Asks: 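What follows is a structure written as structure tokens; I'll ask about it next.
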Amino acid sequence: MTSPTPPQEMTMDIFLKGIWEENPVFVMLLGMCPVLAVTNTTINALAMGLATTFVLLCSSILVSLLRHAIPKQVRIATYIIIIATFVTMVDYLIQAISLELYNALGAFIQLIVVNCMILGRAESYASRNGLYRSVISACGVGAGFTLALLCLGTVREVLGAGTLLGYPLFGPSFEPWVVMVLPPGGFFVLGCWLLLFAWLRQRKDRTTEALRHGR
Amino acid sequence: MNQIPVVHKEIPPQLPFNSCAIIRTLTLIAAISGLLVVLVVEWTRPQIAANQRQAVEAAIFAVIPGAVQWRPFTLNAEGEVRQNASAGGTHIYTGYDEHGAIVGFAAEAASQGYADIIRLLYGYRPDCHCISGIKILKSAETPGLGDKIFTDSDFIANFTALDTRLDAGGQALLHPIVTVRHGKKENPWEIDAISGATISSRAIGRALDESASALLPQLMRQLPQFTLPEETTP
């Protein structure tokens, strides 16, 4: 390990950055394809988030360990092979866990290979940092991605099907807002979340500005 | 906002090019990758096979009420029946009761729905000459509209005893299976469509009609061939 062990609060920062400041979905808008496609129920969103986190974590570990051995010219090819390996593993594991879940997620498990977020993290973080920091960062970004997917999946399932985790919430008289589980609903809900986060950020900026002027 | 770490490295005029290192790294990575994939495939294979078998079995028992065991058969183009799931031809799953008597048959049918091809498994009971249940295996119908073919209890009730009697010669269905508009069902061979999901409902009617009219005459002619094989009777 070349990098010295960072102090404790530093690693917490790395972890939280992935969830909040550098949230892959709400801030960086990376990996939008699965975000919009498989968040029609909470379970699908959770499974997709965990599968992506697993791939991100494992590929970060391997890329970080091999970062001095990988020649620059073939680094992208190497990263893709590493990512594809873990995606294939996840693909088989999900089939073994539940066929129903596998059918619900469809081709989007295989498509984790081309999730730009994972390749981006391998290139911009894991290949430049030690194992310890890479693992913390991958966990943070993975958690941020999973949380974001859950935010979308829960809202879409509640509004679009009137259920949460498959259990009906509103009784038989509720008319589901079907568009929410259809593709357009993904854009609507994502747009609303982005709006909320942009507003929160603006408000925070205004407060800091006001404080600075007040002083 | 823009906190994606951008590292500006000074790119040397010419990267040191070492073919040996590249080949070595790629070989190593490919070997690790191959090893990991093979390990996982081997490790999950029995569980995946068990899951698939369980799914098939659950579907068969759902469409043939009363069946407690089943055997796969195939019916090839010449009309020969084989007790072998891997032989070419139409797959027919025969369901038996606890004494080994035939309760019914299950077969696959498919037709173009609204979004994609709908594949389903249907059960047929020779004692009532009727379809005893259907189970959708694959469909991409619109959520909230077409996917009511899974959930609408009135629609599913169509298939608890759908009349599929054969004509006097035993060559074809006496009445073709037809899908009628919602609330217009009068005869036991008609399917009451879901209002708002007429295309999906019709697709199921068409799939059943095509499959049943081709399969059932052959099936009834060769009924004795489907008895439970002796050696496997418990």
Side-chain angles (χ1 to χ4, degrees), chain A residues 17 21-22 27-28 30 40-41 58 62-63 66 69-75 77-100 102-103 106 120 123-125 127-129 137 160-162 175-183 185 198 201 205, chain B residues 1-7 9 11-12 15-56 58-59 115-116 136-140 142-148 151 196:
Chain A
K17 230 180 190 179
E21 275 175 72
E22 285 182 11
V27 178
M28 300 206 278
L30 288 177
N40 49 4
T41 67
C58 295
L62 212 53
V63 167
L66 294 171
I70 300 172
K72 280 272 170 280
Q73 293 91 341
V74 290
R75 64 185 195 286
T78 316
Y79 300 158
I80 290 287
I81 296 174
I82 291 173
I83 294 166
T85 306
F86 291 112
V87 170
T88 314
M89 285 167 65
V90 165
D91 192 64
Y92 278 94
L93 287 174
I94 290 185
Q95 274 188 69
I97 293 166
S98 162
L99 272 186
E100 212 174 309
Y102 183 74
N103 290 335
E123 165 78 0
S124 72
Y125 205 92
S127 64
R128 298 183 176 159
N129 287 283
S137 162
E175 183 60 38
W177 207 357
V178 173
V179 70
M180 284 304 172
V181 291
L182 299 179
R201 212 164 29 239
D205 288 350
Chain B
M1 163 86 200
N2 188 12
Q3 282 164 350
I4 305 163
V6 182
V7 179
K9 266 195 178 168
I11 301 164
L15 281 167
F17 196 84
N18 186 346
S19 314
C20 279
I22 291 176
I23 292 170
R24 205 169 52 226
T25 311
L26 287 179
T27 314
L28 176 75
I29 300 280
I32 296 176
S33 160
L35 182 73
L36 285 173
V37 169
V38 168
L39 280 179
V40 167
V41 169
E42 284 302 318
W43 184 52
T44 54
R45 193 202 300 273
Q47 185 60 43
I48 292 173
N51 283 354
Q52 271 162 354
R53 199 185 149 79
Q54 215 169 29
V56 170
D116 199 356
I136 315 284
L137 300 175
K138 189 165 184 287
S139 117
T142 320
L145 297 169
D147 78 343
K148 283 188 187 159
T151 52

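Heavy atoms only: backbone and side chains are in, while hydrogens, waters and symmetry mates are out. Because the structure is predicted, anything quoted here is derived from the model rather than measured. Within every chain, numbering begins at 1; the chains are lettered A, B, ... in the order of the sequence lines, protein sequences first and strands thereafter.
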Asks: Roughly how far, to the nearest 0.5 Å, is the CD1 atom of B:Ile48 from the OH atom of A:Tyr102?
Replies: 8.0 Å
Asks: Let me confirm one number: the CG-CD distance from A:Leu99 to B:Gln47, rounded to the nearest 0.5 Å.
Replies: 9.5 Å
Asks: Go through the atoms of A:Ile97 and report whether side chain, backbone, both or neither lie under 4.5 Å from a heavy atom of chain B.
Replies: backbone
Asks: Check each atom of A:Phe86 against the heavy atoms of chain B and say whether the ones under 4.5 Å are side chain, backbone, both or neither.
Replies: side chain
Asks: Are A:Thr88 and B:Val41 packed together at the side-chain level, in the sense that at least one heavy-atom pair is separated by less than 4.5 angstrom?
Replies: no
Asks: Using non-hydrogen atoms and a 4.5 Å limit, figure out which bit of B:Gln54 sits close to chain A: side chain, backbone, both or neither.
Replies: neither
Asks: Would you say the side-chain atoms of B:Ser33 pair up with the backbone N or O of A:Thr85, donor to acceptor, closer than 3.5 Å?
Replies: no
Asks: Can you tell me how far the CD1 atom of A:Ile70 sits from the CD1 atom of B:Ile29, to the nearest 0.5 Å?
Replies: 5.0 Å
Asks: Do B:Leu36 and A:Met89 have side chains that approach each other closer than 4.5 Å (heavy atoms only, starting at C-beta)?
Replies: yes
Asks: Might you work through the side-chain contact (heavy atoms from CB on, under 4.5 Å) test for A:Gln95 and B:Asn51, ending with a clear yes or no?
Replies: CA-CA 8 Å; A:Gln95 274 188 69; B:Asn51 283 354; over 6 Å; no
Asks: Between B:Leu26 and chain A, which part of the residue has a heavy atom less than 4.5 Å away: side chain, backbone, both or neither?
Replies: side chain
Asks: By a 4.5 Å heavy-atom criterion (distance strictly below it), what part of B:Leu28 contacts chain A: side chain, backbone, both, or neither?
Replies: side chain
Asks: Starting at OG1 of B:Thr44, measure out to CD1 of A:Ile94 and round the result to the nearest 0.5 Å.
Replies: 11.5 Å
Asks: State, to 0.1 Å, how close B:Thr25 and A:Ala69 come at their nearest heavy-atom pair, and which atoms those are.
Replies: OG1-O, 3.0 Å
